[in-house]
Q: 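Take this structure, written in structure tokens, and hold onto it; I'll ask about it next.
Note that the numbering runs from 1 along the sequence shown for the chain.
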Amino acid sequence: MAQDSQTIGLLAAEIQEAGHRLGLPLVAACADISSARAALDERGQPIGALFDFTADARDYWNWSDLALRNAIIAVVRHTAEPFYYDRGEIGGWQTMALSDELIEQAREKDYAVRAAIVAPVHLPGTTIGAVLWASDTGRPDLVVLYREHAVALHGLALRFVAACEVVNHGPSPILVHPLTRREIQCLKLAAAGKTDGEIGTILEVAIPTVRFHLRKASAKLGEMGRLRTVQRAAELGFVATRR
């Protein structure tokens, strides 16, 4: 654990150095946007406190509702690719289908951030974090910086958030889940909202047989109940939940 704890400090220094080198010296970081509690480093200090950020949001990690009213975090929820923020405008490698409400929110509340490159981190499971490199004075060459350095910054962010996850929650066990083809078929149909009866009709098996396969899948995935089993199967990439 000591080695993992040191990693947070070392990676924080790398992140800060990269920001200064690119002219984006203000850094904000979150290891889990779903948590009202800030992730801590090896000394019990919030990871956000390892960096300098704008005066308007100096203690942002203490704002329990920040993730619910911030346009940048809203984008982080929906994309795993780095993107940029330029005086209220958000863009990335691909066209982003931003809602009118989000665009308005991005332009109204920026916490003195004028330019930023944001690296979302979507870890296996449900953890979503991010690191933001910013300037409070703007950068005319921001898009150029983004194109040239977003990949490297994303790598730093991934290592940092993953290290925080290990220090705060411990390493996740990597297991073999020997699901059968039939169990996966039942899970995919359950994820699509099909009832046991509908699954049985589609697969041409009896309802008790469907329930047997779903129970077996639950046991192998270490979950209780249909919903959690489907969620876990989706987290591990066995099924897709998008319709």
Q: Shortest non-hydrogen contact from H122 to T79?
A: NE2-O, 3.0 Å
Q: When you measure from the side chain of H154 to the backbone N and O of P120, does any donor-acceptor pair fall under 3.5 Å?
A: yes
Q: Crowded around D100 CG? As in, over 12 foreign heavy atoms under 6.0 Å?
A: no
Q: Could you tell me if D32 and S34 have a donor-acceptor pair between their side chains, going purely by distance under 3.5 Å?
A: yes
Q: For P46 versus A38, what's the shortest heavy-atom pair and its separation?
A: CB-CB, 4.1 Å
Q: To check you understand the geometry: which heavy-atom pair defines the closest contact between T229 and S218, and what is its length?
A: OG1-OG, 2.5 Å
Q: Could you tell me whether a side-chain N or O of E198 sits under 3.5 Å from a main-chain N or O of T195, the two making a donor and an acceptor?
A: yes
Q: Are the side chain of H177 and the backbone N or O of K220 linked by a donor-acceptor pair below 3.5 Å?
A: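 Yes.
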Q: Tell me whether the count of non-hydrogen atoms from other residues, nucleotides or ligands lying under 6.0 Å of CZ in R159 goes above 12.
A: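 Check fails, neighbour count at 12 or below.
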Q: Flag the pair F51 / W61 as yes when their ring centroid distance falls below 6.0 Å, and as no otherwise.
A: no
Q: Grouping I, L, V, M, F, W and Y whenever their side-chain heavy atoms are under 4.5 Å apart, do F160 and I117 come out in a common cluster?
A: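 In one cluster with F160: I117, yes.
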Q: Taking the six-membered ring for Trp, are W93 and Y146 parallel (under 30°), tilted (30 to 60°) or perpendicular (over 60°)?
A: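 Because their plane-to-plane angle lies in the 30° to 60° range, the rings of W93 and Y146 count as tilted.
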Q: For atom CZ of R77, decide whether the heavy atoms of other residues, nucleotides or ligands shown that lie under 6.0 angstrom number more than 12.
A: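 Enclosed.
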Q: Closer than 3.5 angstrom, by distance alone: can the side chain of E183 be matched with the main-chain N or O of T180 as a donor-acceptor pair?
A: yes
Q: Keeping the roles fixed (side chain from Y60, backbone from T54), state whether a donor-acceptor pair exists under 3.5 Å.
A: no
Q: Short question: side chain of D41, backbone of G44 - any donor-acceptor pair under 3.5 Å?
A: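 Between the backbone of G44 and the side chain of D41 there is a qualifying donor-acceptor contact (under 3.5 Å).
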Q: Testing the basics here: between A134 and A116, what is the closest heavy-atom pair and its distance to 0.1 Å?
A: CB-CB, 3.9 Å
Q: Take a 6.0 Å sphere around NZ of K216 and say whether it holds more than 12 heavy atoms from other residues, nucleotides or ligands.
A: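 Open: at most 12 neighbouring heavy atoms sit under 6.0 Å from NZ of K216.
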Q: Between D196 and R211 (salt bridge meaning N to carboxylate O under 4.0 Å), is one present in this structure?
A: yes
Q: Between R107 and L102 (side chain of the first, backbone of the second, donor and acceptor by atom type, cut-off under 3.5 Å), is there such a pair?
A: no
Q: Under the side-chain contact (heavy atoms from CB on, under 4.5 Å) rule, what do W133 and V131 come out as? Steps first, then yes or no, please.
A: CA-CA 7 Å; W133 290 262; V131 178; 3.5 Å; yes
Q: Taking the side chain from N168 and the backbone from L40, do they hold a donor-acceptor pair closer than 3.5 Å?
A: yes
